[in-house]
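Heavy atoms only: backbone and side chains are in, while hydrogens, waters and symmetry mates are out. Each ligand, and each atom within it, is numbered from 1 in the order the structure gives.
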Amino acid sequence: MKDFRTPHTLVTGGAGFLGSHLCDRLLAEGHEVLCLDNFFTGSKQNVRHLAGEARFELIRHDVTFPLYVEVDEIFNLACPASPIHYQEDPVQTTKTSVHGAINMLGLAKRLGARILQASTSEVYGDPRVHPQTEDYWGHVNPVGLRSCYDEGKRCAETLFFDYHRQHGVPIKVARIFNTYGPRMHPNDGRVVSNFIMQALSGTPITLYGDGKQTRAFCYVDDLIEALLRLMRAPREVTGPVNLGNPSEFTVRELAERVLELTGSKSEIRHEPLPSDDPTQRCPDISLARRVLDWEPRTPLDAGLKLTIDYFDDWLRRTPGKTR
Ligand SMILES: NC(=O)c1ccc[n+]([C@@H]2O[C@H](COP(=O)([O-])OP(=O)(O)OC[C@H]3O[C@@H](n4cnc5c(N)ncnc54)[C@H](O)[C@@H]3O)[C@@H](O)[C@H]2O)c1
């Protein structure tokens, strides 16, 4: 029987990296959590520790198909997030963003539920404005290898705002910048997981281009706090709002931090920059500071240590992998 006092929350992509941490937080705060995933990049392993929890339910479902459930709020996170994965089936990637948004917005409209979209800094493309504020429209290639993700996410934002204007759906759009932490996919080619896995296994660290391109890295717990604050913010706070860590590091600096923290002897190897790889990426989080009273708290070294511990443990537990 439904308990009407407990908030019922749907997390799409809930078995992924960010989704699984969000499920943890929501359960800790007393929510009933419906975790939906098609396990394309996520895994049951990420939420296995929640299996015995009475307020947690896991369903295998693809967001490109309609869903009929009863919930009060929806966090729409379903979408592969790393280039290796989203370029594997680019048509499905666009469908996941666009059809997924239509299906989840339709559900929110029917239920009168709040809905939050996990959008991305990739909507800014290779930005000509630095750092990026939310009113910057971006510099995006519509026909490149990354377009399935970038344009899919841009179209999803359009749908969110049109459902809001046309149907009054209470929306929240979070533009998430590089986030890292335990439960990242070990082989997804994202820079933090890549460097840590390479350092721990003693293979060369691959640095694309000259390594001077910058990234700003947000630890997962900080990001989840921001998503919760955004969902709970007053109705008029729709976003889009940048969420990320504004402390900028070059990719080379990151490689050096990882080498030092792991004590690894891996050498740094240079490779050509992939197509459309942005050279600079840093959020302006003034809006998040103002409307959510939020800013990241975890220093890079502290977050890296927790992530290194996770991957170290993962390597020890996984047959055929060497530490
Ligand atoms: N981690 C970051 O740095 C970052 C940055 C910007 C935006 N985001 C966004 O946050 C969300 C979560 O990212 P993540 O880093 O946890 O990635 P992830 O790949 O770990 O998680 C995505 C989850 O969505 C699931 N999924 C994919 N397609 C689906 C579909 N059609 N139906 C149902 N489930 C599907 C995957 O199996 C996976 O569990 C994504 O929407 C991503 O675009 C993440």
Side-chain angles (χ1 to χ4, degrees), residues 10-24 34-47 58-67 74-104 116-124 132 146 148-157 160 173-194 215-224 226-227 230 239-245 278 281 283 296 303 307:
L10 170 63
V11 180
T12 78
F17 160 49
L18 296 181
S20 61
H21 286 274
L22 181 59
C23 290
D24 286 347
L34 188 54
C35 170
L36 175 156
D37 211 292
N38 72 348
F39 305 115
F40 177 53
T41 49
S43 94
K44 287 184 192 160
Q45 193 59 40
N46 284 341
V47 288
L58 176 62
I59 46 173
R60 180 190 287 268
H61 182 82
D62 188 315
V63 285
T64 62
F65 295 97
L67 176 78
I74 303 166
F75 287 88
N76 188 35
L77 272 61
C79 187
S82 72
I84 288 181
H85 291 131
Y86 69 64
Q87 289 169 1
E88 195 175 304
D89 186 349
V91 173
Q92 172 67 10
T93 299
T94 305
K95 278 187 183 171
T96 294
S97 277
V98 177
H99 292 199
I102 291 170
N103 288 327
M104 292 306 120
L116 182 147
Q117 167 69 355
S119 190
T120 168
S121 55
E122 302 292 335
V123 299
Y124 299 121
Q132 293 86 50
R146 302 173 76 107
C148 57
Y149 185 71
D150 303 4
E151 297 288 23
K153 289 284 188 179
R154 284 167 71 93
C155 183
E157 286 200 9
F160 266 69
V173 175
R175 287 189 182 150
I176 303 170
F177 285 66
N178 254 327
T179 302
Y180 71 99
R183 301 190 204 139
M184 290 182 88
H185 197 292
N187 305 312
D188 67 1
R190 284 195 261 186
V191 64
V192 174
S193 45
N194 238 13
R215 293 291 183 271
F217 306 103
C218 185
Y219 186 64
V220 60
D221 289 356
D222 291 332
L223 194 272
I224 298 302
L227 293 181
L230 179 56
V241 56
N242 288 340
L243 300 178
N245 193 326
R281 186 51 69 66
T307 314

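Between Ile224 and His21 the shortest heavy-atom distance is CG1-CB, 3.9 Å. Closest of all the heavy-atom pairs between Phe160 and Ala101 is CE1-CB, 4.1 Å. Looking at every heavy atom in both residues, Gly303 comes nearest to Tyr180 through CA-OH, 3.3 Å. Heavy-atom minimum distance, Gly14 versus Asp37: N-OD2, 3.4 Å. When every heavy atom of Asn38 is checked against every heavy atom of Arg60, the shortest pair comes out as O-NH1, 4.0 Å. The two residues Phe217 and Val191 come nearest to each other via the heavy atoms CE2-CG1, 3.6 Å.
Residue contacts with ligand 1, taken as heavy atom pairs separated by less than 4.0 Å, involve Gln92 solely via side-chain atoms from C-beta onward. Within the 4.0 Å heavy-atom criterion, the part of Arg190 lying near ligand 1 is the side chain and not the backbone. When non-hydrogen atoms are compared, ligand 1 lies under 4.0 Å from the backbone of Phe39 (N, CA, C, O) but not from its side chain. Of the heavy atoms in Glu122, none comes closer than 4.0 Å to ligand 1. Residue contacts with ligand 1 for Ser119 involve N, CA, C or O but no side-chain atom from C-beta outward (heavy atoms, distance under 4.0 Å).
Taking every non-hydrogen atom of Lys153 and a distance limit under 4.0 Å, the qualifying atoms of ligand 1 come out as 40 (C), 41 (O), 42 (C), 43 (O). Atoms of ligand 1 found under 4.0 Å from any heavy atom of Gly16, numbered from 1 in the order shown, are 20 (O), 21 (O), 38 (C), 39 (O). For ligand 1, the atoms sitting less than 4.0 Å from at least one non-hydrogen atom of Tyr149 are 7 (C), 8 (N), 42 (C), 43 (O), numbered in the order shown with element in parentheses. For ligand 1, the atoms lying closer than 4.0 Å to a non-hydrogen atom of Val63 are 30 (C), 31 (N), 32 (N), 33 (C). Listed by number with element, the atoms of ligand 1 under 4.0 Å from a non-hydrogen atom of Gly42 are 36 (C), 37 (O), 38 (C), 39 (O). Under a 4.0 Å criterion applied to the non-hydrogen atoms of Ala78, ligand 1 contributes the atoms 24 (O), 33 (C), 34 (N), 35 (C). With ligand atoms numbered from 1 in the order given, ligand 1 contributes 32 (N), 33 (C) to contacts under 4.0 Å with heavy atoms of His61. Each of the following atoms of ligand 1 lies closer than 4.0 Å to a heavy atom of Gly13: 23 (C), 24 (O), 25 (C), 39 (O).
Distances from atom 44 (C) of ligand 1 to the heavy atoms of Leu18, Leu77, Asn46, Val47 show the closest one on Leu18. Of the candidates Ser43, Ala174, Cys79, the one placing a heavy atom closest to atom 27 (C) of ligand 1 is Cys79.
For the pair His85 and ligand 1, no heavy-atom separation below 4.0 Å is found. Within the structure, ligand 1 lacks Gly100 among the residues with a heavy atom less than 4.0 angstrom away. At a 4.0 Å cut-off, not a single heavy atom of Tyr180 sits close enough to ligand 1 to count as contact.
Looking at residues two or more places apart in sequence or on another chain, you find a side-chain hydrogen bond (donor to acceptor under 3.5 Å, both in side chains) between Arg175 and Tyr124, Glu157. With sequence neighbours excluded, the residues satisfying side-chain contact (heavy atoms from CB on, under 4.5 Å) with Asn245 are Cys218, Ser247, Pro296.
Ranking protein heavy atoms by distance to atom 6 (C) of ligand 1, first place goes to Ile176 O, 3.1 Å. Of all protein heavy atoms, the one lying nearest to atom 35 (C) of ligand 1 is Asn38 OD1, 3.0 Å. The shortest contact between atom 13 (O) of ligand 1 and any protein heavy atom is with Ala81 CB, 3.7 Å. In this structure, atom 36 (C) of ligand 1 lies nearest to the protein heavy atom Thr41 OG1, 3.1 Å.
The closest side-chain heavy-atom distance from His185 to Ile84 is not below 4.5 Å. Taking the side chain as every heavy atom from C-beta outward, Val11 and Leu34 never approach each other to under 4.5 Å. You'll find the side chain of His99 stays beyond 4.5 Å of the side chain of Val63, heavy atoms only. Annotation: side chain of Thr93 is not in contact with side chain of Glu88 (no heavy-atom distance under 4.5 Å). Thr64 has its side chain within reach of Thr96: a pair of non-hydrogen atoms, C-beta onward, lies under 4.5 Å apart.
Comment: Glu122 does not engage Lys153 in a salt bridge, judged by the lack of any side-chain N to carboxylate O separation of less than 4.0 angstrom. With respect to Lys95 and Asp89, no salt bridge is recorded, no charged nitrogen being found less than 4.0 Å from a carboxylate O.
Considering backbone and side-chain atoms together, Thr179 places an N or O closer than 3.5 Å to an N or O of ligand 1. Annotation: Asp62 places an N or O atom under 3.5 Å from an N or O atom of ligand 1; distance criterion only. Considering backbone and side-chain atoms alike, Pro80 places every N or O at 3.5 Å or more from each N or O of ligand 1. Considering both main-chain and side-chain atoms, Asn178 never comes within under 3.5 Å of ligand 1 through any nitrogen or oxygen pair. At least one N or O atom of Phe17, backbone or side chain, sits closer than 3.5 Å to an N or O atom of ligand 1. Remark: ligand 1 and Asp37 share an N or O pair separated by less than 3.5 Å (distance only, no angle test).
Residues Ser193 and Asp188 have side chains that bring a donor and an acceptor to within less than 3.5 angstrom of each other.
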